[in-house]
Amino acid sequence: MLDPVAWRDVRQEVSTGTLPGWDRVEEIVRDAHSRYSEERGGRVADYIPVLAEVDPELFGLAVIEVGGGLHDAGDALHPFSIQSISKMFVYALAIQEYGHERVRQIVGVNNTGLAFNSVMALELNSGHPMNPMVNAVAIATTALMPGATAVEQWERVREGLSAFAGRPLSLDGVVYASEAETNDRNRAIGRLLRSYDRLAGDPDEVVDVYTRQCALSVTAHDLAVMGATLADGGVNPVTGERVVSEEVCRDTLSVVASTGLYERSGDWLFEIGLPAKSGVAGGIVAVAPGKGAAAGFSPRLDEAGNSVRSQMAIGYLSRALGLNLFASAPARSHHPESVPSSAP
Ligand code: GLU
């Protein structure tokens with residue numbers, strides 16, 4: 001369970017529309033890292049065999065501002081596989097390609113309330129995938145990527161996610177091989193989608209592209225740049241390249257806000273107030289529209305599959321940097337006697 005005690009003593013700064021100055025952000029990022037560096041809660045994922053071998057002590061944090069300011073702490077440049085976080089960016093590429101309405105019809109926008117790899121979620125909806133951040137819908141979304149062959153579709157995914165990151169991303173071949181050997185469940189989901197006529201193409205090939213996309217190697221720094229691109233109306237704040245449109249950012253973030261942290265998405269939004277996506281290798285990226293993005297990497301996960309330390313550190317950053325989208329204080333001009341109060 002997401003424990004608000006982790007940052008309850010931090011004053012809830014309200015959203016001002018801008019981040020504090022670079023020095024102050026730098027200081028807060030360092031504080032967030034050192035504050036949770038002794039945290040040992042959670043367990044490393046082991047259902048993909050190679051993930052169980054990772055050093056559980058790794059802990060990196062990064063914040064990228066839409067103005068281009070960069071802040072890294074700890075193991076922010078340590079590579080790990082992007083896993084489920086890829087779903088958010090492939091979803092954005094799909095909306096960019098086909099538009100809001102078409103993608104909504106094909107893959108839906110609602111939370112299933114069921115686990116990320118649920119087969120029931122598909123069966124209960126007559127094969128119509130509902131939540132773009134669970135595997136069934138993510139596999140259907142990957143199938144939408146342009147390309148005459150699976151190889152071309154994979155290239156489109158890799159290039160698209162690289163544009164978000166502002167550098168060429170590459171496949172972690174060891175993670176890919178480990179998952180490809182053990183992903184019977186995802187292959188079953190692919191077949192089920194095909195049986196409901198919800199998937200164009202060969203289901204095994206589509207699942208293979210999806211497995212590769214999950215095995216792309218990133219760092220916390222990369223994830224923060226990728227998230228900051230969605231915070232910056234679709235323009236990568238480091239390279240200046242337009243990756244997707246402003247509308248795509250809005251659509252993607254609204255879906256991720258209610259679905260990004262598996263079955264804990266409601267807890268996350270309630271406590272932290274930011275759209276975010278996590279992955280089972282220990283990454284989380286949270287996006288503050290118009291301001292920037294914060295990303296954490298630490299391999300120990302809670303029971304739902306979310307990095308414990310990354311959640312804590314991003315919770316701290318959300319409060320201390322005034323990122324919570326739902327935090328406000330009375331406008332003083334209307335209420336001269338009121339002053340912003342500390343949240344409990
Ligand atoms: N590649 C993983 C799977 O499909 C992603 C899991 C995750 O990060 O949630 O099982």
Side-chain angles (χ1 to χ4, degrees), residues 2 6 29 32-62 72-89 115-117 133 135 138 158 161-162 165 167-186 210-227 260-264 268 276-286 293-315:
L2 194 51
V29 172
H33 187 269
S34 67
R35 221 179 130 96
Y36 304 107
S37 56
E38 299 306 317
E39 171 62 42
R40 297 284 181 279
R43 291 187 52 226
V44 169
D46 56 8
Y47 80 100
I48 300 173
V50 76
L51 294 184
E53 292 163 22
V54 72
D55 174 2
E57 299 306 327
L58 290 164
F59 181 28
L61 207 54
D72 287 345
D75 302 309
L77 299 180
H78 186 90
F80 57 96
S81 53
I82 189 168
Q83 296 296 342
S84 257
I85 302 168
S86 63
K87 295 169 181 169
M88 165 181 181
F89 297 100
F116 72 96
N117 58 356
M133 299 301 124
N135 291 9
R158 205 185 60 74
L161 268 59
S162 297
R167 74 174 183 97
L169 298 178
S170 53
L171 184 76
D172 181 328
V174 177
V175 171
Y176 165 69
S178 183
E179 187 164 359
E181 268 171 31
T182 52
N183 66 350
D184 297 313
R185 199 176 177 94
N186 285 342
Y210 166 79
T211 308
R212 286 171 190 272
Q213 105 187 17
C214 289
L216 273 173
S217 184
V218 292
T219 64
H221 180 94
D222 290 329
L223 286 182
V225 177
M226 295 172 86
L261 270 85
Y262 310 109
E263 299 95 288
R264 297 284 153 76
W268 171 269
K277 184 70 198 89
S278 71
V280 290
I284 299 185
V285 58
F297 163 59
S298 190
R300 291 197 190 92
L301 311 178
D302 68 13
E303 281 171 9
N306 303 303
S307 164
V308 172
R309 278 201 291 211
S310 300
Q311 289 183 80
M312 288 178 167
I314 295 173

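- Remark: S298 OG to Q311 CD distance equals 11.0 Å, nearest 0.5 Å.
- Here the straight-line distance linking atom SG of C214 with atom CD1 of I82 works out to 8.5 Å at 0.5 Å rounding.
- Among L51, N186, V50, the one residue that satisfies the side-chain contact (heavy atoms from CB on, under 4.5 Å) test with E179 is N186.
- Under a cut-off of 6.0 angstrom, the local environment of CD in E57 is crowded, with over 12 non-hydrogen atoms contributed by other residues, nucleotides or ligands.
- H221 contributes atom NE2, which lies 5.5 Å from atom CG of D72 (distance to the nearest 0.5 angstrom).
- Listed for the R158 side chain is no donor-acceptor partner under 3.5 Å among the backbone atoms of P168.
- Two residues are said to be in side-chain contact when any heavy atoms from C-beta on lie closer than 4.5 Å; Y47 and V280 meet this criterion.
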Yes or no on side-chain contact (heavy atoms from CB on, under 4.5 Å) for F80 and L223, after CA distance, side-chain angles and deciding distance?
CA-CA 11 Å; F80 57 96; L223 286 182; 3.7 Å; yes

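- Applying the 6.0 Å contact sphere to CZ of R43 captures no more than 12 heavy atoms from other residues, nucleotides or ligands.
- In this structure, a donor-acceptor pair under 3.5 Å is absent between the side chains of S81 and D172.
- Taking all atoms of both residues into account, the shortest heavy-atom contact from A304 to D302 is N-OD1, 2.9 Å.
- At distances below 3.5 Å, not a single donor-acceptor pair connects side-chain atoms of S310 with backbone N or O atoms of N306.
- Taken from CZ in R309 to OG in S37, the straight-line distance is 7.0 Å, to the nearest 0.5 Å.
- Proximity of a side-chain donor or acceptor of S307 to a complementary backbone N or O of G283 within less than 3.5 Å is not detected.
- Taking the side chain as every heavy atom from C-beta outward, I48 and Q83 approach each other to under 4.5 Å.
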Would you please test S84 and Y262 for side-chain contact (heavy atoms from CB on, under 4.5 Å) and show each step?
CA-CA 10 Å; S84 257; Y262 310 109; 3.6 Å; yes

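- Here F59 contributes atom CZ and M312 contributes atom CE; the two are 9.5 Å apart, rounded to the nearest 0.5 Å.
- With rounding to the nearest 0.5 Å, the separation of OG1 in T211 from CG in N135 is 9.5 Å.
- Nearest heavy atom pair, residue P56 against residue P299, reads O-CD, 3.7 Å.
- The two residues A45 and L301 make their nearest non-hydrogen contact at CB-CD1, 3.6 Å.
- Across all non-hydrogen atoms, the minimal contact from A286 to I314 is CB-CG2, 3.7 Å.
- Between the side chain of R35 and the backbone N or O of A6, at least one donor-acceptor pair lies under 3.5 Å.
- Between G74 and H33, the closest heavy-atom pair is CA-NE2, 3.4 Å.
- Here the shortest heavy-atom pairing between R167 and S217 reads NH2-O, 4.1 Å.
- In this structure, the side chain of D46 does not engage the main chain of P49 through any donor-acceptor pair within 3.5 Å.
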